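Below is one structure, written out as C-alpha cells; comments come after it.
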Amino acid sequence: MKVLIVGSGGREHAIATSVAKSPKVDKIYCAPGNAGIGQIAECVPIGAMEFEKLVAFAKEKAIDLTIIGMDDPLVCGVVDAFEAEGLRVFGPRKNAAILEGSKAFSKDLMKKYDIPTAAYENFDNAEEALAYLEKADFPIVLKADGLALGKGVLICNTLEEAKEGVKSIMLDKQFGTAGNRMVIEEFMTGREVSVLSFVDGKTIKTMTSAQDHKRALDGDQGLNTGGMGTFSPSPFYTKEVDEFCKKYVYQKTVDAMAAEGRPFTGIIFFGLMLTPKGPKVLEYNARFGDPEAQVVLPRMKNDIIDVMEACIDGKLDTIDLQFEDNAAVCVVLASEGYPVKYDKGLEIRGLENFEDKDGYYVFHAGTAMKDGKIVTNGGRVLGVTAKGKDLKEARANAYAATKWIDFDNKYCRSDIGKAIDEA
Ligand code: AMP
Ligand code: GLY
C-alpha cells in the first residue's frame, strides 16, 4: 500500500520509520518531510496546511492511508477535507481535535465529566481576568486558549507578573488569536508523565509511558522549548498510577468526547502531573508527542499500520498493543541559542554512523539538503535515540551516540533521564 505522512519533524521521522517496517507498505510519501525522512520516503513540497494540494496529491497517487503528524492541520480540519473526498486518513476530525485546539474546551470537558485536573476559570476578556487575579493564590498558571507552539503557558509567581501575562496574552496578543480566550488555573506540583494512546472513537489503548524535558538548559533551567529529550518508560508511572488513570482519565475522556458528539479517532496524548493529591491532567494533545514519539514508537512491537487501520475502522478492541520490555532515551541535538536565535545551514557530519546499528536511531527534526549535503535547518536539529535493557543503559547508549554526530554550534542537555536515578 501507499502511505502519505503529513509533517516535517522528528515525530514524523519516527512515524515514517515505523511505517517503513510494515510489510504491507510499498511506498511512503511525506509532505513536506525533511532530509532524514527523505532517506526512507519520497518528500513532496506541499505544506502541512495546504489541504487542497494534499488532497489532490493523495488522489493523484492513489494513496491508501494518510497519517497526519502535526497539530495545526488537525485543529484546522485536514481530516475532514480528506474524508470529504472519500480518502482514508488517520487523525481526529476538526470537531474532536478541539481537545488540543482549545484549552478552554478541554478544561470545561474535564469539569463536566469529572476528570481530575487543576482548578481553573476561563476568560474572554482581560478586565475580568485581571479582576480575578486580585483574589488569586500564587504561583498561578496562565494559558492562551489556542495553539501557540507549546509556548502559550505562563507560570506567574506574583500578582504583578500575572497581570503582565494577561496583558501580553489578551491585549498585546503575544500568541496571536490563540490569546482571544485564556485559562487561568491552579499551579500544581509533581512529576510530569506523557501517556500517548490510540483511540477509535470508543476504545482506547494506551502506549508505554514517557517523560519529556521541556526546558532548554540542564536542571530544568532556561526557556521552554519544543522538548530537549525524552525517556521511556517513566519509572514514576507506576501500576497504581496506571490503574487510577484507567479508571478516572483515559476511557472517561474518550466517552466524554463521544457523548459530546465529537468522537475521537487518532492519538490522544495525555500530559499528566503526578501531584501529591493523585494524577491530574495538565493538557491533552491530539497527536503523537515530539520527542515522545521518538522513544515510544521504536519500542512498539505491533505493525503501526494495523493499529492505525483498526482505529479508522472502529476495531481497536481487536488489537493487542505490545511494547518491548526495555527502555529508550532520546537526546535532542539542538543549535546553540535555541529557542531564541541560532544559525541554520551548518553541515552535519557523522550521520552514516547510525546505519545498520540495531537499537540506535537518528531522527531528523530540523535538517535540509544543500548542495548534496545534509545541513541544519531548525533549532532542534536531530533526536538521537538509543534503546537499552533498562533506562540507565539506554541513557548511556544515547549519550555515546550523540558523539557520533558533529556540527558547528551543536548543543544538547547533559541530564536527559537523570531523574531515573531518583526512582
Ligand atoms: P501545557 O502546554 O498545558 O502542557 O503546559 C506546558 C507546561 O507548563 C507543562 O508541561 C507544565 O510543565 C507546565 N504547566 C502547565 N500547567 C500547569 C499547572 N497547572 N501547574 C504547574 N505547571 C503547569
Ligand atoms: N513533547 C510535548 C509535545 O509534543 O507537546
Side-chain angles (χ1 to χ4, degrees), residues 6-7 11 48-49 51 54 66-84 89-118 120-125 141-153 169-170 173 175-185 194-204 249-272 280-290 308 311-312 314 316:
V6 176
R11 164 182 49 214
M49 296 301 285
F51 296 179
L54 290 171
T66 298
I67 302 166
I68 313 296
M70 296 169 71
D71 42 18
D72 257 6
L74 289 169
V75 168
C76 293
V78 70
V79 167
D80 308 61
F82 272 72
E83 286 185 347
V89 54
F90 178 80
R93 292 182 190 143
K94 184 176 179 177
N95 75 351
I98 191 174
L99 195 59
E100 169 162 9
S102 168
K103 291 191 191 284
F105 169 87
S106 67
K107 294 297 291 190
D108 285 347
L109 186 88
M110 288 187 267
K111 188 189 229 170
K112 182 170 173 187
Y113 292 90
D114 208 15
I115 296 165
T117 188
Y120 76 101
E121 291 287 337
N122 293 337
F123 295 92
D124 49 23
N125 89 58
V141 184
L142 312 183
K143 299 187 174 185
D145 176 53
L147 291 183
L149 298 168
K151 299 189 177 74
V153 174
I169 292 175
M170 296 203 93
K173 298 276 189 254
F175 309 109
T177 54
N180 288 350
R181 296 178 83 192
M182 65 178 289
V183 177
I184 300 186
E185 75 175 26
S194 304
V195 175
L196 317 185
S197 64
F198 289 99
V199 184
D200 74 354
K202 45 189 196 300
T203 299
I204 177 165
V249 177
Y250 303 143
Q251 189 66 49
K252 267 176 108 169
T253 300
V254 174
D255 293 346
M257 290 299 282
E260 292 293 309
R262 300 170 181 275
F264 193 106
T265 300
I267 303 292
I268 300 183
F269 165 143
F270 297 84
L272 303 172
K280 294 192 182 184
V281 178
L282 273 172
E283 63 160 349
Y284 293 116
N285 294 311
R287 44 150 182 94
F288 282 102
D290 189 354
M308 289 183 166
C311 288
I312 296 170
L316 188 58

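Model, not experiment: these values are computed from the prediction.
Going from atom CD of Glu100 over to atom CZ of Phe264 covers 8.5 Å, rounded to the nearest 0.5 Å. Residue Ser106 holds its OG atom at 12.5 Å from NZ of Lys111, rounded to the nearest 0.5 Å. Separating the NZ atom in Lys103 from the CG atom in Leu147 is a distance of 8.5 Å, to the nearest 0.5 Å. Atoms CG and CG, on Leu99 and Leu74 in that order, are 11.5 Å from each other to the nearest 0.5 Å. Once rounded to the nearest 0.5 Å, the distance linking CD1 of Ile115 with NZ of Lys280 reads 13.5 Å. How far CG of Asn125 is from CG of Asn180: 12.0 Å, rounded to the nearest 0.5 Å.
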With side-chain contact (heavy atoms from CB on, under 4.5 Å) as the criterion, how do Ile169 and Leu142 come out once you've worked through the C-alpha distance, each side chain's angles and the decisive distance to 0.1 Å? CA-CA 9 Å; Ile169 292 175; Leu142 312 183; 4.0 Å; yes
Check the pair Met182, Ile184 against side-chain contact (heavy atoms from CB on, under 4.5 Å), reporting the backbone distance first and the verdict last. CA-CA 7 Å; Met182 65 178 289; Ile184 300 186; 3.9 Å; yes
Intermediate values then yes/no, side-chain contact (heavy atoms from CB on, under 4.5 Å), Glu185 and Glu121: CA-CA 7 Å; Glu185 75 175 26; Glu121 291 287 337; over 6 Å; no
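Under the 4.5 Å side-chain criterion, counting only non-hydrogen atoms from C-beta, Cys76 is in contact with Met49. Contact check for Ile204 versus Gln251: side-chain heavy atoms found under the 4.5 Å cut-off. Residues Val79 and Lys94 have side chains not in contact (no heavy-atom distance under 4.5 Å, counting atoms from C-beta outward). Side-chain atoms of Val75 and Ile98, non-hydrogen and from C-beta on, never get closer than 4.5 Å to each other. For the pair Val281 and Leu272, the minimum side-chain heavy-atom distance is below 4.5 Å.
Across all non-hydrogen atoms, the minimal contact from Gly201 to Val254 is O-CG1, 3.7 Å. Taking both residues in full, the closest heavy atoms of Met308 and Phe198 are given as CG-CE2, 4.3 Å, listed atom of the first, atom of the second, then distance. Ala178 and Ala148 get closest at one heavy-atom pair: CB-CB, 4.5 Å. Across all non-hydrogen atoms, the minimal contact from Gly7 to Met70 is CA-SD, 3.5 Å. The nearest pair of heavy atoms linking Asp145 to Ser102 is OD1-OG, 2.7 Å. Of all heavy-atom pairs spanning Ala259 and Tyr113, the tightest one is CB-OH, 3.6 Å.
A donor-acceptor pair shorter than 3.5 Å can be found between the side chains of Asp108 and Asn122.
The main-chain N or O of Ile267 is never found under 3.5 Å from a side-chain atom of Arg287 such that the two would form a donor-acceptor pair. Checked by atom type and distance alone, the side chain of Thr265 never pairs as donor or acceptor with a backbone atom of Gly91 at under 3.5 Å. Judged by distance alone, with hydrogens and angles left aside, the side-chain atoms of Lys252 form a donor-acceptor pair with the main-chain N or O of Asp114 at under 3.5 Å. Checked by atom type and distance alone, the side chain of Thr253 pairs as donor or acceptor with a backbone atom of Val249 at under 3.5 Å. Without hydrogens or angle criteria, Thr203 side chain to Asp200 main chain gives no donor-acceptor distance under 3.5 Å. No donor-acceptor distance shorter than 3.5 angstrom exists from the side chain of Asp80 to the backbone of Arg93, with no hydrogens or angles considered. At distances below 3.5 Å, not a single donor-acceptor pair connects side-chain atoms of Arg181 with backbone N or O atoms of Phe123.
Surrounding NZ of Lys202 are more than 12 heavy atoms belonging to other residues, nucleotides or ligands, all under 6.0 Å away.
Using a cut-off of 4.0 Å between Lys/Arg side-chain N and Asp/Glu carboxylate O, Lys143 and Glu283 are scored as not salt-bridged.
Shown are Tyr250, Phe270, Phe105; of these, the ring-ring contact (aromatic ring centres under 6.0 Å, His included) with Tyr284 is made only by Phe270.
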